[in-house]
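Okay, structure first, notes after.
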There are 2 protein chains.
Amino acid sequence: MARTQGSHSDITGPKVRDTALRLFAQHGYAAVSMRQIAREVGVQVGALYNYTPDKQALLFSLLKGHMDELLSTWEAEPRPDGPRDRLEAFVRFHIRFNLDRPQAIFISYMELRNLAPENFAVIEAQRKVYEGALEAILRDGQSEGVFSVPDTRLASYALIAMLTGVNTWYRAGGRLSIEEVADIYWDMVRKSVSAD
Amino acid sequence: MARTQGSHSDITGPKVRDTALRLFAQHGYAAVSMRQIAREVGVQVGALYNYTPDKQALLFSLLKGHMDELLSTWEAEPRPDGPRDRLEAFVRFHIRFNLDRPQAIFISYMELRNLAPENFAVIEAQRKVYEGALEAILRDGQSEGVFSVPDTRLASYALIAMLTGVNTWYRAGGRLSIEEVADIYWDMVRKSVSAD
DNA sequence: GTCTATACTGGGATAGAC
DNA sequence: GTCTATCCCAGTATAGAC
């Protein structure tokens with residue numbers, strides 16, 4: 001049946017989020033106006049406020065949705081036995097997950113400072129949970145004698161930064177597939193913690 | 001002798017740059033207004049335009065000055081013999097240089113997209129020169145058999161990201177000195193390329 | 001749910017007096 | 001070199017008709 005003319009909440013809603021994500025990633029939250037989002041969605045500015053109370057809530061919703069997905073996807077991953085295989089699983093998961101959603105990753109790193117303090121606290125706590133998973137793997141491996149890491153905290157920071165950096169240069173259709181990239185990074189990570 | 005009242009170009013000029021650097025790093029280029037800069041400098045808005053033709057030129061000037069300093073300081077560093085020692089020198093230089101000027105480093109990574117295209121091209125070219133220095137070291141070490149790196153290009157990206165990541169967590173007065181941090185990172189870097 | 005119209009605030013930049 | 005005043009445009013957000 002035909003809908004009431006002008007009623008498109010199931011189309012416009014996602015479109016607002018997709019457009020905002022794309023524009024925030026491209027130009028930055030502060031540089032993107034609600035007018036611009038509306039224009040690219042194909043509605044008038046006022047209509048946006050049916051989908052978000054304000055611009056800040058839109059940013060927070062995008063980041064929160066992304067972090068929720070990151071944590072739940074990671075927790076649903078198979079959990080191999082032993083720190084060595086778990087580290088490899090983390091490396092491959094992180095690269096794959098990040099390269100699959102470059103825009104969300106980008107704003108998750110770039111737009112943290114544009115979150116209101118209470119929103120920032122929520123995202124920051126989720127980030128710590130995720131990074132804590134890596135540090136736990138390193139700690140286990142260290143105490144089991146499978147890894148040799150001078151400082152597990154620093155090592156987790158170093159490895160996260162290294163892995164996340166893939167997004168700054170990787171372009172789909174380049175000379176390497178995601179799997180090949182993951183192989184190369186895993187080789188460096190493995191050696192850096194003296195595994196195997 | 002007393003200067004003409006209200007004439008402070010030698011004080012105000014640097015103050016404008018310092019203030020802009022600090023505010024851009026803290027809130028982001030797009031989120032900072034010329035009015036805000038003027039307020040914190042202690043002048044009226046109109047006075048700012050004695051020191052920069054516009055806001056964009058102010059950002060570019062900060063980034064350009066930073067990149068110039070990076071390249072000239074690196075080129076003035078002692079250049080040890082052999083890829084292994086040159087890599088160590090690069091690692092320690094990068095960490096020290098970056099931790100010494102966190103704000104400039106921060107905007108150099110975050111505000112690239114807010115540069116006008118012609119300005120972006122200039123900064124990007126300088127960045128490639130710097131990163132090329134690391135890749136050259138890796139290539140030399142690989143061909144001399146001192147390193148084992150599956151892909152020197154990727155390895156240079158990976159290492160740069162890892163080293164630059166120090167700035168996201170390091171705080172002066174924390175439990176580790178800059179030298180201790182550099183020791184730990186050098187240990188991981190060295191192992192990741194199978195040196196020694 | 002979307003539109004048009006508008007309130008209100010703040011943006012970058014300039015002119016001209018001192 | 002700085003100030004005051006101002007131009008012009010854009011921002012977020014809301015009200016009320018359809």
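Below, chain A is the first sequence line, B the second, and so on; all start at residue 1.
Think of A:I11 as one node in a network of Ile, Leu, Val, Met, Phe, Trp and Tyr side chains linked at under 4.5 Å; it has no links at all.
One interatomic measurement links the two molecules: OH of B:Y49 to P of C:dA13, which rounds to 4 Å at whole-angstrom precision. Here the P atom of nucleotide D:dG11 and the CG atom of A:N114 are 16 Å apart, to the nearest Å. The interatomic distance linking B:N50 (CG) with D:dT2 (C1') rounds to 7 Å, in whole Å. The distance from atom CD of A:Q36 to atom P of D:dA10 is 12 Å, rounded to the nearest whole Å. What separates NZ of B:K15 from P of D:dT2 is a distance of 10 Å, to the nearest Å. A:L48 has its CG atom 10 Å from the P atom of D:dT12, to the nearest Å. Rounded to an integer number of Å, the gap from A:L58 CG to D:dT12 C1' is 13 Å. Rounded to an integer number of Å, the gap from NZ of B:K55 to P of C:dT14 is 15 Å.
For B:T12, a side-chain nitrogen or oxygen approaches OP1 or OP2 of D:dT2 to under 4.0 Å.
Residues meeting the side-chain contact (heavy atoms from CB on, under 4.5 Å) test with A:D183, sequence neighbours left out: A:R92. Contacts of B:R86 classified as side-chain contact (heavy atoms from CB on, under 4.5 Å), with partners at least two apart in sequence or in another chain: B:R79, B:P80, B:I137, B:D140. Remark: B:A133 engages B:W74 in a side-chain contact (heavy atoms from CB on, under 4.5 Å) (not counting sequence neighbours). Residues that satisfy the side-chain contact (heavy atoms from CB on, under 4.5 Å) test with B:T168, not counting sequence neighbours, are absent from this structure. A search for salt bridge (charged side-chain N to carboxylate O under 4.0 Å, His left out) contacts involving B:R127 returns B:E124, not counting sequence neighbours.
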Do any N or O atoms of the protein come closer than 3.5 Å to N or O atoms of nucleotides 16-18 of chain C, and which pairs are they?
none

Under 4.0 Å protein heavy-atom contacts per nucleotide of nucleotides 4-9 of chain C, with B for base, S for backbone only and - for none: B-----
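Here A:Y130 and A:F90 bring their ring centres to under 6.0 angstrom of each other.
Scanning residues 18-34 of chain B for heavy-atom distances under 4.0 Å to DNA chain D yields an empty list.
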Just list the side-chain donor-acceptor pairs under 3.5 Å for residues 58-68 of chain B, sequence neighbours left out, or say none.
unit_1 : atom_1 : unit_2 : atom_2 : d
B:S61  : OG     : B:R17  : NH1    : 2.4
B:K64  : NZ     : B:D68  : OD1    : 3.1
B:K64  : NZ     : B:D68  : OD2    : 3.0
B:D68  : OD1    : B:Q126 : NE2    : 2.7

Which side-chain N or O atoms in residues 36-48 of chain B pair as donor and acceptor under 3.5 Å with protein atoms at least two apart or in another chain?
unit_1 : atom_1 : unit_2 : atom_2 : d
B:E40  : OE1    : B:R22  : NH1    : 3.2
B:E40  : OE1    : B:R22  : NH2    : 3.0

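Identified under the side chain to side chain donor-acceptor pair (under 3.5 Å) test for residues 149-162 of chain A, with sequence neighbours left out: A:E135-A:T152, A:E135-A:R153, A:D151-B:R175.
Expressed to the nearest 0.5 Å, how far CZ of A:F97 lies from OG1 of A:T73 amounts to 4.5 Å.
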